[in-house]
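Positions are given from 1, in the same order as the sequence printed here.
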Amino acid sequence: MKTNNPIGIFDSGVGGTSIWKEIHTLMPWEDTIYLSDSKNAPYGYKCQDEIKALSIKNTEKLISLGCKIIVVACNTATTNAIELLRATYQIPIIGIEPAIKPAALQSKTGKIGILATKGTLRSSLFSKTSELFTQNIEVTEIVGEGLVSLIENGKKNSAEMTELLTAYLRQMVEANIDYLVLGCSHYPYLIPQIKKILPEGIIIIDSGEAVALQTKTILANKNLLENKKRIPSLYFYSNSRLDVLKEILAPYKNKSEFSYLDF
Ligand code: DGL
């Protein structure tokens with residue numbers, strides 16, 4: 001493996017591009033390959049075996065494309081399949097999990113909220129982390145039912161979205177939370193709307209930056225970090241809604257390659 005092999009990233013759809021952005025900002029000379037498995041989105045309602053099988057399929061595709069590290073830019077896939085992926089492949093694999101720890105440590109009200117998929121909230125990995133860091137904290141867990149599908153269908157700014165978010169966030173506010181953890185990589189795209197709904201003072205956190213930092217650390221430890229200033233190849237593949245992927249990455253369209261890929 002060489003420093004100029006790409007970083008491979010996958011998600012159930014377009015949401016993981018929120019993690020890709022952090023990775024590209026932190027490591028601008030790195031080639032990247034992003035797989036948007038929109039054909040199978042959302043993962044959040046699938047059983048663990050299905051999520052594992054999809055994660056294996058995506059990982060194998062990225063390995064076959066020459067990736068030097070895999071970033072599972074999906075909380076649902078991480079919490080349900082990362083142990084299997086790490087046990088199966090030699091390649092370094094980075095995952096994303098809801099940022100419960102910083103929220104619990106910094107909360108002043110002792111009450112935090114987590115918005116995530118059903119698949120993440122029911123996973124044993126999430127339960128373990130939650131138990132570890134929220135001993136004296138009240139946690140309000142809400143499944144963001146319908147949010148991923150709206151984003152995947154290009155409706156992130158719709159009235160339907162506002163209605164769903166208002167209902168979910170009302171429960172958080174009633175619970176008197178001071179930290180809201182976004183436990184799904186699609187949700188950072190909803191931050192402008194979430195801010196309009198939440199009262200001032202509630203802090204929103206996600207794990208994107210931490211994942212990018214961890215990816216950089218692991219690449220550096222393995223002498224696989226690309227330090228040479230160069231124009232990177234940025235490939236984005238979708239197996240279904242390429243239009244939505246292009247739209248969400250519109251600010252990067254001049255330096256990126258978008259294609260349909262059957263994976
Ligand atoms: N973006 C994903 C996550 O972080 C998955 C959402 C889904 O497909 O349900 O959980």
Side-chain angles (χ1 to χ4, degrees), residues 9 11-12 14-27 44 71-79 82 94-123 125-145 147-148 151 156 161-162 164-217 248:
I9 303 161
D11 179 39
S12 60
V14 300
T17 56
S18 65
I19 315 300
W20 172 84
K21 282 184 194 170
E22 301 285 353
I23 288 173
H24 180 61
T25 305
L26 190 66
M27 296 169 277
V71 180
V72 183
C74 174
N75 293 260
T76 312
T78 301
T79 51
I82 198 141
I94 310 292
I96 180 167
E97 285 183 67
I100 315 174
K101 185 181 171 185
L105 290 177
Q106 291 165 58
S107 172
K108 295 201 172 61
T109 62
K111 297 181 172 92
I112 65 170
I114 302 182
L115 191 62
T117 69
K118 188 173 167 201
T120 294
L121 295 176
R122 63 130 212 249
S123 68
L125 190 58
F126 173 79
S127 306
K128 268 189 234 155
T129 317
S130 188
E131 264 166 42
L132 199 62
F133 298 112
T134 60
Q135 296 285 333
N136 301 310
I137 299 277
E138 208 176 285
V139 186
T140 302
E141 295 176 5
I142 296 197
V143 174
E145 192 140 5
L147 303 180
V148 169
I151 296 172
K156 72 174 154 57
M161 181 64 87
T162 311
L164 288 181
L165 281 176
T166 307
Y168 302 150
L169 297 174
R170 188 181 303 127
Q171 299 173 58
M172 301 281 192
V173 176
E174 280 167 6
N176 194 27
I177 64 158
D178 61 352
Y179 274 80
L180 173 64
V181 179
L182 301 183
C184 170
S185 57
H186 282 68
Y187 300 167
Y189 285 110
L190 305 175
I191 289 175
Q193 292 167 76
I194 293 176
K195 280 191 172 156
K196 277 192 207 152
I197 299 168
L198 284 182
E200 250 179 70
I202 297 181
I203 297 163
I204 303 167
I205 53 174
D206 65 76
S207 320
E209 202 184 338
V211 170
L213 281 167
Q214 175 69 357
T215 307
K216 188 173 183 181
T217 303
I248 218 148

Requested in this report: Give a yes or no on this: more than 12 heavy atoms of other residues, nucleotides or ligands lie within 6.0 Å of atom CD of Glu209.
Outcome: no
Query raised in the report: Mind checking whether Ile191 and Leu182 have side chains closer than 4.5 Å, heavy atoms only?
Result: yes
Report summary line: In this structure, CE of Met172 is separated from CD1 of Ile114 (nearest 0.5 Å) by 8.0 Å
Requested in this report: Enter the distance from His24:NE2 to Leu26:CG here, rounded to the nearest 0.5 Å.
Outcome: 11.0 Å
Report summary line: Note: Thr140 and Ala175 closest approach over all heavy atoms is OG1-CB, 3.3 Å
Report summary line: Between the CD atom in Gln193 and the CG atom in Leu198, the distance rounded to the nearest 0.5 Å is 12.0 Å
Report task. Check whether any side-chain heavy atom of Ile151 lies under 4.5 Å from a side-chain heavy atom of Met161, and answer yes or no. Result -> yes
Report task. Test side-chain contact (heavy atoms from CB on, under 4.5 Å) on Thr215 and Met27 and set out the steps. Result -> CA-CA 10 Å; Thr215 307; Met27 296 169 277; 4.1 Å; yes
Requested in this report: Evaluate the side-chain proximity of Ser18 to Asp206: yes if any heavy-atom separation is below 4.5 Å, no if none is.
Outcome: no
Requested in this report: To the nearest 0.5 angstrom, please state how far the NZ atom of Lys196 sits from the OG1 atom of Thr162.
Outcome: 8.0 Å
Report task. Would you sort out whether His186 and Leu147 count as a side-chain contact (heavy atoms from CB on, under 4.5 Å), showing the intermediate values? Result -> CA-CA 8 Å; His186 282 68; Leu147 303 180; over 6 Å; no
Query raised in the report: Is Thr120 reaching over with its side chain to a backbone N or O of Thr76, donor-acceptor style, under 3.5 angstrom?
Result: yes
Query raised in the report: Taking atom OG1 of Thr109 and atom CD1 of Ile137, what is their separation to the nearest 0.5 Å?
Result: 7.5 Å
Query - Shortest non-hydrogen separation from Val173 to Pro199 and the atoms involved - result: CG2-CD, 3.6 Å
Query raised in the report: What closest approach, in Å, do Ile112 and Ala103 show between heavy atoms, and which atom pair accounts for it?
Result: CG2-O, 3.8 Å
Query raised in the report: Are any non-hydrogen side-chain atoms of Ile82 and Glu97 less than 4.5 angstrom apart?
Result: no
**Report entry** Close side-chain approach of Leu190 and Lys156, heavy atoms under 4.5 Å
**Finding:** yes
Query raised in the report: Just wondering, more than 12 heavy atoms not from Lys101 lying within 6.0 Å of its NZ?
Result: no
Report task. Find out whether Asn75 and Pro98 are in side-chain contact, i.e. whether some heavy atom of one side chain is under 4.5 Å from a heavy atom of the other. Result -> yes
Query raised in the report: Where is the tightest heavy-atom contact between Ala73 and Ile9, given as atom of each residue plus distance?
Result: CB-CG2, 3.6 Å
Report summary line: Heavy-atom nearest pair, Gly95 first then Thr78, reads CA-OG1, 3.6 Å
Query raised in the report: Does NZ in Lys111 sit with more than 12 non-hydrogen atoms of other residues, nucleotides or ligands closer than 6.0 Å?
Result: yes
Query raised in the report: Do Tyr189 and Thr17 have side-chain heavy atoms sitting under 4.5 Å apart?
Result: yes
**Report entry** Distance in Å, Ser207 OG paired with Glu22 CD, rounded so as to fall on 0.5 Å steps
**Finding:** 10.5 Å
Report summary line: Closest non-hydrogen atoms of Ser107 and Asp178, given as atom of the first, atom of the second and distance, are OG-OD1, 2.7 Å
Query raised in the report: Val211 and Ile94: side-chain contact (heavy atoms from CB on, under 4.5 Å), yes or no, with the steps?
Result: CA-CA 7 Å; Val211 170; Ile94 310 292; 4.1 Å; yes
Query raised in the report: Hey, does Phe126 have a side-chain heavy atom less than 4.5 Å from the side chain of Ile100?
Result: yes
Requested in this report: Assess whether side-chain contact (heavy atoms from CB on, under 4.5 Å) is satisfied between Val148 and Tyr187, documenting all intermediate values.
Outcome: CA-CA 8 Å; Val148 169; Tyr187 300 167; 4.3 Å; yes
